[in-house]
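Following this message is one structure expressed as structure tokens.
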Amino acid sequence: MAMGALMKGTRVPMRCMRHATAGVLALACTPLGRPSSMLQPGRLPASWYVGGADCSGTSQFRVHAYNDGLFILRQAACTNFEKPLLYLLFGRDRALLLDTGAGGVDVATPIDTLIRAWLLHHGRASIALVVAHSHAHSDHIAGDSQFVARSGTTIVGRDTASVRAFFGITQWPKARGVLDLGGRLLDVIPIPGHQAASIAIYDRLTGVLLTGDTFYPGRLYVRDTAAFAESIDRLVEFVIDHPVVHILGAHIENKRTPGRDYPEGTVDQPEEHDLDLGRTQLVELDSVVRAMRGRMVRTVRPDFTVWPLSP
Ligand SMILES: [Zn+2]
Ligand SMILES: [Zn+2]
């Protein structure tokens with residue numbers, strides 16, 4: 001049981017308790033009845049549509065300000081069908097860029113533009129930049145080379161040992177790390193299973209939880225089923241104990257129609273599912289994974305599909 005947790009789409013603090021009924025895991029939440037003043041609010045767009053195959057007149061990235069310290073970038077469909085989402089968070093001392101895109105695109109320029117605007121707005125001359133990754137797959141690291149020569153920039157290595165060392169994670173994957181951006185603490189949660197070095201990042205300032213390719217409205221590819229099950233379990237424990245307003249992943253593959261997705265490789269996705277998921281869907285995923293007891297099979301749910309891959 002924990003106090004102060006938030007349900008998706010509302011700003012009312014909730015008291016939540018996990019319980020099992022007839023073998024099905026569920027989360028019972030009751031409102032505590034007072035508005036939260038602890039988290040910085042922000043705004044998500046109604047749609048994340050990033051065009052079709054034609055790049056003429058289209059920006060290579062769609063840039064959205066969640067608020068003045070958290071920016072979400074989505075790579076345009078015409079540059080890569082993966083259309084990954086990237087996140088840029090500002091603290092007093094450092095900014096964090098989570099992921100660098102799927103390649104074939106200039107990612108450094110929009111990031112530099114955002115950083116310059118932030119510096120101007122805050123009357124600052126410079127800020128250090130950390131470039132880290134939700135995980136090491138090519139559609140999330142392809143732009144790294146564009147930051148190698150950038151001054152004041154640290155690129156976190158992609159392997160598990162580098163991620164552990166940088167974020168100070170003493171015991172992988174059971175312990176968490178912390179990154180202090182200066183007045184903004186980020187919790188770093190190891191979530192291997194989709195990929196060995198996968199992490200989730202929780203922003204204590206906004207209550208936003210970033211889950212990469214491990215949890216998003218689409219096909220959740222699982223390579224290590226045991227590690228994935230434990231990771232989802234840890235994520236559920238985390239959201240029970242922390243106020244989480246949005247769970248945001250790195251892709252959108254599902255349609256608005258429940259249980260339907262755009263096939264892999266689809267470029268134009270005009271009827272996409274919302275990006276943000278909530279604790280209800282995370283608990284549902286945990287329940288699905290637990291019920292399979294290590295023998296994972298492809299399972300379609302309204303907002304995501306569990307998709308084990310052969311090792
Ligand atoms: Zn991936
Ligand atoms: Zn991906």
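All values below were derived from every heavy atom in this structure, side-chain atoms included, with hydrogens, water molecules and symmetry-related copies excluded. Counting convention: from 1, in listed order, for ligands and their atoms alike.
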Original post:
Please, which pairs that meet salt bridge (Lys or Arg N to Asp or Glu O under 4.0 Å) have at least one residue in residues 121-137, sequence neighbours excluded?
Top reply: none
Original post:
Is Val188 reachable from Ile141 through a run of I, L, V, M, F, W or Y residues, each pair having side-chain heavy atoms under 4.5 Å apart?
Top reply: no
Original post:
Transitive ILVMFWY cluster of Val105 at side-chain heavy atoms under 4.5 Å: who else is in it?
Top reply: Phe61, Val63, Phe71, Leu73, Leu86, Leu88, Phe90, Leu97, Val107, Ile111, Leu114, Ile115, Trp118, Leu119, Ile127, Leu129, Val131, Phe147, Val148, Ile155
Original post:
For His251, what is the atom name of its N, O or S atom nearest to the Zn ion (ligand 2)?
Top reply: NE2
Subject >> ILVMFWY cluster, Ile191 and Met292 together (side-chain gap under 4.5 Å) >> reply: yes
Subject >> side chain to side chain donor-acceptor pair (under 3.5 Å) partners of Tyr49, counting only residues at least two apart >> reply: Asp268
Subject >> Contacts of the Zn ion (ligand 1) with protein N/O/S atoms, counting only those under 2.8 Å >> reply: His135 NE2, His137 ND1, His194 NE2, Asp213 OD2
**OP:** For Arg150 and Thr153, test the side chains for any donor-to-acceptor distance below 3.5 angstrom and give the result as yes or no.
**Re:** yes
